Amino acid sequence: MSILEIKNLNLAFHSNGRDYQALHDINLKLEKGEMLAIVGESGCGKTITAMSVLRLLASNAKILSGEIFYKGQNLLSLTEKQMQNIRGREISLVPQDPMISLNPLYTIGSQLLEVIEIHQNLKGSEAKKRAVEALEQVKIPNAKERLNSYPHEFSGGMRQRVIIAMAIACKSEIIIADEPTTALDVTVQAQIMELIKEIQKSEGTSFIFISHDFGLVYEASDKTAVMYGGHVVENADSYEIFKNPKHPYTQALIKALPDFNTRQLEAIEGYPPSIKDYFSGCPFEPRCPKKMDICKNGFPPVCKTENSFVWCYLYK
Ligand SMILES: Nc1ncnc2c1ncn2[C@@H]1O[C@H](COP(=O)(O)OP(=O)(O)OP(=O)(O)O)[C@@H](O)[C@H]1O
Ligand SMILES: [Mg+2]
């Protein structure tokens, strides 16, 4: 059994008196200890997919149908109280901006101790010991002294480490990292990626890593789901996707990566769709270099190729 399985998730937002569908039949699986990358351009639905798992959606969001199984129980059928026991404890979030999760008025130590006391039922010196261990695990120097620092005394990369430390201290089974390195410079980005890989190995934590940058995640992740216009359009082992992309959108994403030899990159022409755009067929059709007449006839059915799942008429 997968540790997490999203099944046929459909989600809409209510705005100006009507519903706009933002996620269409999302199916994803995360295995224990695995890292699943979700990639795609801005607005394709990466964050709302993740937030559906944590049930932290905006008030105008409506899950139309679907199930999200965590260790076999459907998170969408839990009460808010039951969800509070899952969030932060079993499934943690590392957001793009760590200041969303950190309170600027309290020290790192008091915030770390709070989550440890709530989620791990430890008190006093035992809780403090766990806090120091967690900071050491994410390689914060002088961990004991740094407990007394405030978030603003930490750099962006260090703050992200603190958030990861909170998840480790609570022994979270799944960490969802939503573009956790986008605001960081390239060197720090690489250090955080390395740290995440280490934790995945040493703790057996499962990760969902969201990024618009396929170049950042393809080596670190085990599987990749490529999203476009609220759909998953390709899903396979990351190496396979990188070496042998099937969907024309995935091919375009890979061509858009900078090539260190030629220093060339090919931008994808046009813009990704908004949830207010209506498509009778594949949402990538207007930008697709390989489009055919059939592509306007409904969203393509899933095609199982040798090593991947792809939603494209080319493989039908
Ligand atoms: N509360 C909301 N009301 C209406 N539309 C929304 C709301 N939240 C998100 N959306 C829309 O849903 C779509 C998916 O948003 P989402 O935040 O998941 O994109 P994303 O893939 O994470 O993009 P980015 O890379 O920019 O973070 C977007 O078109 C967005 O405008
Ligand atoms: Mg996002």
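Atoms within a ligand are numbered from 1 in the order they appear, just like the ligands themselves. Keep in mind the model is a prediction, meaning the values are calculated, not measured. Position 1 is the first residue of the sequence, and the numbers go up from there.
- Not counting sequence neighbours, Glu5 has no partner by the salt bridge (charged side-chain N to carboxylate O under 4.0 Å, His left out) test.
- With a 4.0 Å cut-off on non-hydrogen atoms, His212 does not touch ligand 1 at all.
- A salt bridge between Glu198 and Lys139 is present, with a side-chain N of the basic residue lying under 4.0 Å from a carboxylate O of the acidic one.
- At the top of the distance list for atom 26 (O) of ligand 1, counting protein heavy atoms only, stands Ser42 OG, 2.5 Å.
- Checking only distances, Thr49 never comes within under 3.5 Å of ligand 1, N or O to N or O.
- For the Mg ion (ligand 2), the N/O/S atoms of Ser42 include none lying under 2.8 Å.
- In the model, Ser65 has a side-chain atom that pairs as donor or acceptor with a side-chain atom of Asn10 under 3.5 Å.
- Atoms of ligand 1 lying under 4.0 Å from at least one heavy atom of Glu179, given by number and element, are 25 (O).
- Close N/O approach between Cys44 and ligand 1 is found [any backbone or side-chain N/O within under 3.5 Å].
- When all heavy atoms of Ala225 and Val232 are compared, the pair lying nearest together is CB-CG1, 4.3 Å.
- In this structure, a donor-acceptor pair under 3.5 Å is absent between the side chains of Lys81 and Gln84.
- In this structure, atom 18 (O) of ligand 1 has protein heavy atoms in its sub-4.0 angstrom surroundings.
- Each of the following atoms of ligand 1 lies closer than 4.0 Å to a heavy atom of Ala58: 1 (N).
- Using a 3.5 Å distance cut-off with no hydrogens or angles, the side chains of Glu31 and Ser2 do pair a donor with an acceptor.
- With a 4.0 Å cut-off on non-hydrogen atoms, Asn60 touches ligand 1 through its side chain and not its backbone.
- In terms of heavy-atom proximity, Pro245 sits nearest to Gln251 at O-NE2, 3.0 Å.
- Taken from CD in Glu34 to CZ in Phe207, the straight-line distance is 12.5 Å, to the nearest 0.5 Å.
- Looking only at heavy atoms of the protein, atom 25 (O) of ligand 1 is closest to Lys46 NZ, 2.8 Å.
- Counting only heavy atoms of the protein, atom 27 (O) of ligand 1 lies nearest to Thr47 OG1, 4.0 Å.
- For the residues Gly43, Gly45, Ser211, Gly40, the heavy atom positioned nearest atom 23 (O) of ligand 1 is part of Gly43.
- Of all heavy-atom pairs between His247 and Cys312, the closest is CD2-CB, 3.7 Å.
- Regarding atom 10 (N) of ligand 1, its nearest protein heavy-atom neighbour is Phe13 CE1, 3.4 Å.
- For atom 30 (C) of ligand 1, no protein non-hydrogen atom is found at a distance below 4.0 Å.
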